[in-house]
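Each remark here refers to the structure printed beneath this line.
Naming convention: chains lettered A, B, ... in sequence-line order (proteins, then strands); numbering from 1 in each chain. Below, each value reflects all heavy atoms present in this structure, side chains not excepted, and no hydrogens, waters or symmetry copies.
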Amino acid sequence: MNRFDYVRADTVADAIKALGGDPNARFIAGGTNLVDLMKYNVEKPGRLVDITRLPLKSIEEHAGGLRIGALVSNADLAYDERIQARYPLLASAILAGASAQLRNAASTGGNLNQRTRCYYFYDEGTPCNKREPGSGCPAIGGVNRIHAILGASESCIATNPSDMCVALAALEATVQVSGPEGDRAIAFADYHRLPGDDPSKDNTIKPGEIVVSVDLPPTDYGQHHTYLKLRDRLSYAFALVSVAAALELDGQTVKTARLALGGVAHKPWRNLEAEALLQGKSATRESFKAAADLVLREAKPQSENGFKIELARRAIVRGLEQAAAGTPQSQSDKRIQ
Amino acid sequence: MLIESGSVGAHAKIGITLTINGERREIEVAPWTTLLDLLRERLDLTGTKKGCDHGQCGACTVLVDGTRINSCLALAVMKDGAEITTVEGLAGLAQKHGTNTLHPLQEAFIEHDAFQCGYCTPGQLCSSVGLLNEGHARSREEIREAMSGNLCRCGAYTNIVDAIEEVMHQGAAR
Amino acid sequence: MATQISTSAGRDRFVGGALSRVDGPAKVTGLAKYAGEFSAENLAHGYVVSSTVAKGRITAIDVSAAEAVPGVLKVITHQNRPSVAGEAKAYQDMVAPPGLPFRPLYDETIVFSGQPVALVVAEEFETARHAASLVTVTYEEDTPQTDIAAIADEAYDPPKKRSGIKPPPKPWGDAGAAFDGAPIKLRQQYRIAHEHHNPMEPQASTVIVEDDGTYTVYDKIQGVANTQLYLTNAFGLKPEQVRCLSPYMGGGFGGALRPQYQLFLAMLAAQDLNRSVRVVLTRDQMWSFTYRPGAIQTVSLGTDGSGKLQAIRHDAVHGTSTYEDYQENIVNWSGILYACDNVELTYRLAKLDTPTPGDMRAPGAVTGIFALETAMDELACATGIDPIQLRLINYTETDPVEEKPFGSKALKSCFEQGAERFGWSKRSPEPRSMRDGRELVGWGMATGIWESLMMQSSARATLTADGRLEVGNSTADIGTGTYTILTQIAADALGLPMDHVTTKLGDTNLAQAPVAGGSWTAASSGTAVMKACRKVAEQAFKLARGMDGSPLANVDFERVVFANGRIEVAGDASRSVALTDVLKAAGKDKIEATESASPDKDFKKKYEAYTHSAVFAEVKIDEDLGIVRVTRVVSAIAAGKILNTKTARSQIMGAVVMGIGSALHEESVLDHRLGRFMNRNLGEYHVPAHADVHDIDVIFVEEEDKANPLGVKGVGEIGIVGTAAAIGNAIHHATGKRIRELPITVDKILAA
């Protein structure tokens, strides 16, 4: 871990000022990813701005939905009564991720900005276009069983590791950011980006900007949701494939469908065409299979991760079945519903 | 701005106050010192273990203001003002509640043989206390899931869950 | 006679009981100290810089930026290190395999990825870590070979055999012809991934420079005698100059049998700087030495409809390093477990550009028994014979290799009691025939076998005037419960309460004992402690009998018992003397004895000694998604006398958990282009977590064994053997899919 300056801010304005547009400075809140990356010398900030004392720790009613402060911990968010009652999909996705200790420390804003778990990204002894632009991507043709099957590029096949963000994508949240040039709102779908030829950028937040809140719009899917996470051990592991699904049903007919995948791409993956396909269809396995096929039509395997395409197909079908049946996946009972 | 450290490369230490196992301490720390390294290397509280140093094993779990976290990923300077409980302080925690010399979980861990080499044990214990404080886990399945952030390579899992379940039920009976 | 000691000198009050660990309070309060936790005045901290290439040589190292960091004391590399032993032989430790050991910072040659290339020593840990990131190393790279499958054809019969590891026996009968002629044939390839031990405590050493110039070394090691031997040879020191300690160890599993490079580097720096130094490896660096080598095996079984084996062939190839020939017993089990007239077992090594693999919990047996017991299950399916029945048909009461009976073998009881507890009779044999809601249910079983060993070991017992007893030797309690069982044995031998006995371990100042491994510690150190205590008892008795007006006058040693801190005439408690009075009357402050115990040669001539198990596993698998849950395991163990049913049960449970890991999770993945393990962390190298482990039921079947006076056979390893096969067999029973490659991950289930 390198040496750095430490600054503690007490207002958002102070924090932005403290960062001072320095590309080598970072905000730090929970630290669960940043300190981890600093110990591997992947992140070498010259200055850390401690934002844990900013007044961004509340969950408030907002435009019929909820506004989640960027510093609300993952645990506080998941166990919040309003979240549990109105956005159980989000609560479930958060509880599927990491461990109790990490969820206690990690913040909402930090979760949005967590970086990929690609082995090569973490290993400064190897090239990586995300860590060191232009150095190459050894994951291509290398150890890539956990890598992307959708939206990858010639320069990067890393995945976004978040569970929470998969739910936020399905819920069509909005990210509120603040920066030297003022405040702006970013639709969740536009927050994370695909690697393209610049994989060093995970998201569209600009230098100097800070996430201040995440807004949840009102929803009406009741118990018709699920977060289904498939992984190599039954807890405390990143997703091979995860599915966030939410359905508004009219009898057995799908009124609207939301479907997002984790573990398969550089960002939480949504396919609006597939969601549209479900609209007006009856909530049957057949419809769900058609939607899954559509989502995975563009999927491209790497040398070791072809299985993820079939796994994702089956997970989508099951996720939609769980949502339709109103039997969301329990995150403690490991039996898949 | 509340605090600003000196320039990069200097031995810039910052004064912070921590209450550790009930004892208030004024400490000078470098910003890059983790809470775990502070406890182990500076304060001789080696009960808290370093297993992976990356939040992937749970051996370093301590309670910060009653909440369990991985101390390896927490910069000490950021915990200024916090109350820290480590495994060395669990017995004191129990004494505060008027019980024996050991915390009921410590007793239960011994009785159920919930450890072998003992290296993950302080983390398992602090995590268990955190779990009971949180109050979300009730069934064995929920305990298992809520304890999954604490790896045990000796494989004492079943006994650990037995110990936690016993103390949880004692608490419920009280 | 073996059992005489306990009847004459004491009673089994504690031995055989379910006692809590005597080191429990130290471990639950955080007071138990591990190798990297001992401090010293002026302690400096070393941080290792690791090679990023697997093969080649260092052409330049720039340490200037690192040395410029305030607080850095020195950066030690091969270019500026102090003089050390040149001969690679001098680096051979007690359990080194044949070959020339790796010499840290010796020269510019790189022989594995992650090889230490520099040690940064600084006043503070964080300073050393930061400065280490500033060391730049330039390499001339060669192409590494780390793919065992690619070079299996070049595998060789190791020219020099490893001490203690029997090479495969000469074939008997004609396995080739018998196999070809068998009506039912099975020939399959089985694979197991590279696994890393990953104990929770990283490898660590603290070298303290004492005022008199001697060294006190706290090392993470499964036997401090090995640390001492290594340091004296590599650094040209005398044993009396190096006291080595390892009172607690945060998990070994074989990974800490050999001294590792952090020990060498800590001593190197301590000598160089004349200052106490600690070096702790990072979790990432735990992939830069020993591992369980992945293996490619072929098992051929031939039978007729009766199930009687007509031919067994078992071939295994695994990797070793370029500089040592690590060997383990993978295939020999296939000649011992079943009676068969035609057997051929072969075993070869292939050179890889990795560190030398090493012993990991039941080395060889985990690998070989997975293949053999999966093949047996396949044969059960092919013949339509129940898997237990098939094993009974081929059961042997004598070791077919040595042609000697087993000293004891209660494997049939394991089958019976295990099956009963598991409910095996309710199993419907057809694959895919059992369900629970959406999940397929599978029940599988396998047999396990491990050697029952004893090593020469000594122990010292000291009874002091206050009536307290101290026993101990230099071996380690690696979490197995050695402190506790030795305390039980000693307390029984002298009739003292447990809390009057202190056991000390892991210190070269104590009586000599071997490393703790091979499941031999209970037999070896247990017998030695028992003998030393008996010697103390005899001396105390002599003194007691000589006391003025002694109530024991004219009584023989065989007629007294030691109980409640007293020596009393058997059956007449009114005639007794307190041990404290004995010492007081004799004017002694202590009675001390050191005794040595060795394997019983007569027994070894007549018998072969193994532990056995029957493992039953239940899995539930989501049919579409291929996610496996191991919902139940019953492990029935035949391991002779169980000294402490509580800690022994934990040993088996823990080994079963590691077996679940081996079956479903564990794999160190190499990028062969880089010769580098890529998932070097506990987030991506999956060991079972709490959520993966359900009910584990352990049965100890009764088994009387006479290999040693305690009747103990060891329980550290047997619990893992067979577990992966039982789970794999259960997965086949659930799904009809036979997966012959560990770990059995979702991708393999979907593809099958």
Side-chain angles (χ1 to χ4, degrees), chain B residues 9-11 30 32-34 37 40-41 44-57 59 86-88 90-91 102-103 105-107 109-111 113-123 125 141 143-161, chain C residues 20-21 23-34 36-37 39 45 69-71 124-126 130 197-202 248-253 280 282-283 478-481 646-647 649-651 653-658 660-661 681-683 687-696:
Chain B
H11 283 278
W32 42 81
T33 294
T34 62
D37 289 330
R40 285 173 64 84
E41 304 292 339
D44 200 27
L45 289 168
T46 53
T48 306
K49 303 304 181 196
K50 185 183 279 191
C52 73
D53 215 17
H54 288 276
Q56 297 177 329
C57 79
T86 70
V87 70
E88 290 95 339
L90 290 184
L102 291 180
H103 188 282
L105 275 163
Q106 291 173 315
E107 301 268 15
F109 266 55
I110 293 175
E111 178 57 30
D113 208 33
F115 52 88
Q116 294 179 32
C117 79
Y119 200 79
C120 76
T121 313
L125 280 163
E141 272 162 355
I143 295 171
R144 279 203 296 261
E145 171 58 22
M147 287 299 293
S148 282
N150 291 85
L151 301 179
C152 169
R153 189 56 161 157
C154 295
Y157 293 128
T158 314
N159 293 346
I160 293 169
V161 176
Chain C
S20 293
R21 279 166 209 270
D23 48 344
K27 284 177 174 171
V28 301
T29 52
L31 298 178
K33 276 194 184 254
Y34 298 77
E37 297 173 347
S39 204
H45 299 261
V69 174
E124 293 187 340
F125 163 73
E126 292 94 332
H130 167 53
H197 302 68
N198 275 310
M200 297 314 297
E201 181 200 14
Y248 292 104
M249 255 204 51
F253 317 113
V280 182
T282 63
R283 179 56 56 181
I478 63 175
T480 46
K646 187 183 274 194
T647 54
R649 173 175 169 269
S650 295
Q651 283 286 287
M653 285 175 51
V656 167
V657 171
M658 202 176 266
I660 293 172
N681 62 72
L682 290 173
V687 303
H690 269 280
D692 297 285
V693 179
H694 291 231
D695 292 343
I696 299 169

Does any heavy atom of chain C fall under 4.5 Å from the side chain of E41(B), the backbone, both, or neither of them? side chain

All heavy atoms of M200(C) vs all of C120(B), minimum pair found to be CG-CB, 4.1 Å

If one checks every heavy atom of T282(C) against chain B at 4.5 Å, the contacting part turns out to be neither

Check: K49(B) main-chain N/O paired with Y34(C) side-chain donor or acceptor under 3.5 Å: no

Is there a side-chain contact between E111(B) and K646(C) in this structure, where contact means two heavy atoms from C-beta onward sitting under 4.5 Å apart? yes

Side chains of S650(C) and Q116(B): donor-acceptor distance under 3.5 Å anywhere? no

Tightest non-hydrogen contact, residues D44(B) and K33(C), listed as OD1-NZ, 3.4 Å

Proximity breakdown for Y248(C) and chain B, heavy-atom pairs closer than 4.5 Å: neither

Once you round to the nearest 0.5 Å, how far does OG1 of T33(B) lie from CD of E124(C)? 6.5 Å

Heavy-atom distances under 4.5 Å only: say whether T647(C) touches chain B with side chain, backbone, both or neither. both

Side chain, backbone, both or neither: which part of H45(C) has a heavy atom under 4.5 Å from chain B? side chain

Should the pair E201(C)-R153(B) be classified as a salt bridge under the 4.0 Å nitrogen-to-oxygen rule? no

Taking C-beta and beyond as the side chain, do V28(C) and L125(B) meet within less than 4.5 Å on heavy atoms? yes

Evaluate the side-chain proximity of N681(C) to C52(B): yes if any heavy-atom separation is below 4.5 Å, no if none is. no

Pair D53(B) + R283(C), salt bridge at N-O below 4.0 Å: no

Please report the shortest heavy-atom distance between E37(C) and T46(B), naming the atom on each side. OE2-O, 3.3 Å

Part of M249(C) lying under 4.5 Å from any heavy atom of chain B: backbone

Do the side chain of S148(B) and the main chain of A689(C) share a donor and acceptor less than 3.5 angstrom apart? no

